[in-house]
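One structure below.
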Amino acid sequence: MIVMKPLLALLIAVACPLAGASTEFKNVSPPLQKMLHGNALKTAHLEDGVLRLHSSKPEVSEIFYNTFVFHNICGEQWVNPQQFAQIGLKRVELLNADGSQGFAFDVRGDVCTQMGQLGKNFRSFIAQYTVKCSAGTCPQRP
């Protein structure tokens, strides 16, 4: 039985990276694919500056969404601003597994740059540029 625990740990370690490899990308450049890696995404589709993502999660919580926007979208702009600009993102829509619920973030202009300034409460800042999605549609931000 003692030998089984290390073997099980090894199998889990090997299987975990493979779970993230199953994301289906459409019109998504390799740098953008790298940004999205490891976020339980089933699909990622980029068209006309709108990145539409479907999570494998049954629900996209507000905290998961905020963390995703902060680290994977805006965080990437802070680290690689020129590469980020070439992607041409205008909007990021993150929907749950069946597309019935989620959030959309307006990333145009210098939104991420503003959020990166010291003293910003990223949660309330993200909320200013976010709309809730339901029934597979994400309305435009008012």
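Along the sequence shown, residues carry numbers from 1.
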Separation between [atom1] of [X] and [atom2] of [Y], rounded to the nearest 0.5 Å:
| X | Y | atom1 | atom2 | value |
| --- | --- | --- | --- | --- |
| T130 | E93 | OG1 | CD | 11.5 Å |
| T137 | K132 | OG1 | NZ | 14.0 Å |
| L89 | D106 | CG | CG | 11.0 Å |
| I73 | I126 | CD1 | CD1 | 10.0 Å |
| R52 | N27 | CZ | CG | 14.5 Å |

Is there a side-chain contact (heavy atoms from CB on, under 4.5 Å) between F122 and C74? Walk through the geometry before answering. CA-CA 11 Å; F122 81 90; C74 289; over 6 Å; no
So, the side chain of [X] versus the backbone of [Y]: is there a donor-acceptor pair under 3.5 Å, distance only?
| X | Y | answer |
| --- | --- | --- |
| N66 | R123 | no |
| D110 | T113 | no |
| K57 | A40 | no |
| N96 | S100 | yes |
| E59 | Q101 | no |

Show your working on side-chain contact (heavy atoms from CB on, under 4.5 Å) between V79 and F84 and close with a plain yes or no. CA-CA 9 Å; V79 174; F84 186 86; over 6 Å; no
Tell me whether [X] shares a hydrophobic cluster with [Y], the cluster being built from Ile, Leu, Val, Met, Phe, Trp, Tyr side chains joined at under 4.5 Å.
| X | Y | value |
| --- | --- | --- |
| V50 | V28 | no |
| I87 | M115 | yes |
| F105 | M35 | yes |

With side chains defined as the heavy atoms from C-beta onward, is the minimum distance between [X] and [Y] less than 4.5 Å?
| X | Y | answer |
| --- | --- | --- |
| F68 | V60 | no |
| S29 | L46 | no |
| L36 | L51 | yes |
| Q86 | P31 | no |
| F103 | L94 | no |
| N39 | S55 | no |

Would E24 and K26 satisfy salt bridge (charged side-chain N to carboxylate O under 4.0 Å, His left out), going step by step from the backbone distance to the final call? CA-CA 7 Å; E24 177 186 320; K26 183 175 180 188; over 6 Å; no
Of the options W78, Y65, F64, which is the one that meets F70 in a ring pair (Phe, Tyr, Trp, His ring centres under 6.0 Å)?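 Filter result, single survivor: W78.
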Going through the distances and angles, do K34 and E76 end up as a salt bridge (charged side-chain N to carboxylate O under 4.0 Å, His left out)? CA-CA 10 Å; K34 184 179 175 186; E76 186 61 26; over 6 Å; no
Within a radius of less than 6.0 Å around CG of D48, do more than 12 heavy atoms belonging to other residues, nucleotides or ligands occur?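 No.
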Can you name the nearest heavy-atom pair linking [X] to [Y], along with the distance?
| X | Y | value |
| --- | --- | --- |
| V111 | F125 | O-CE2, 3.3 Å |
| A97 | K42 | O-NZ, 3.0 Å |
| C112 | V107 | SG-CG2, 3.7 Å |

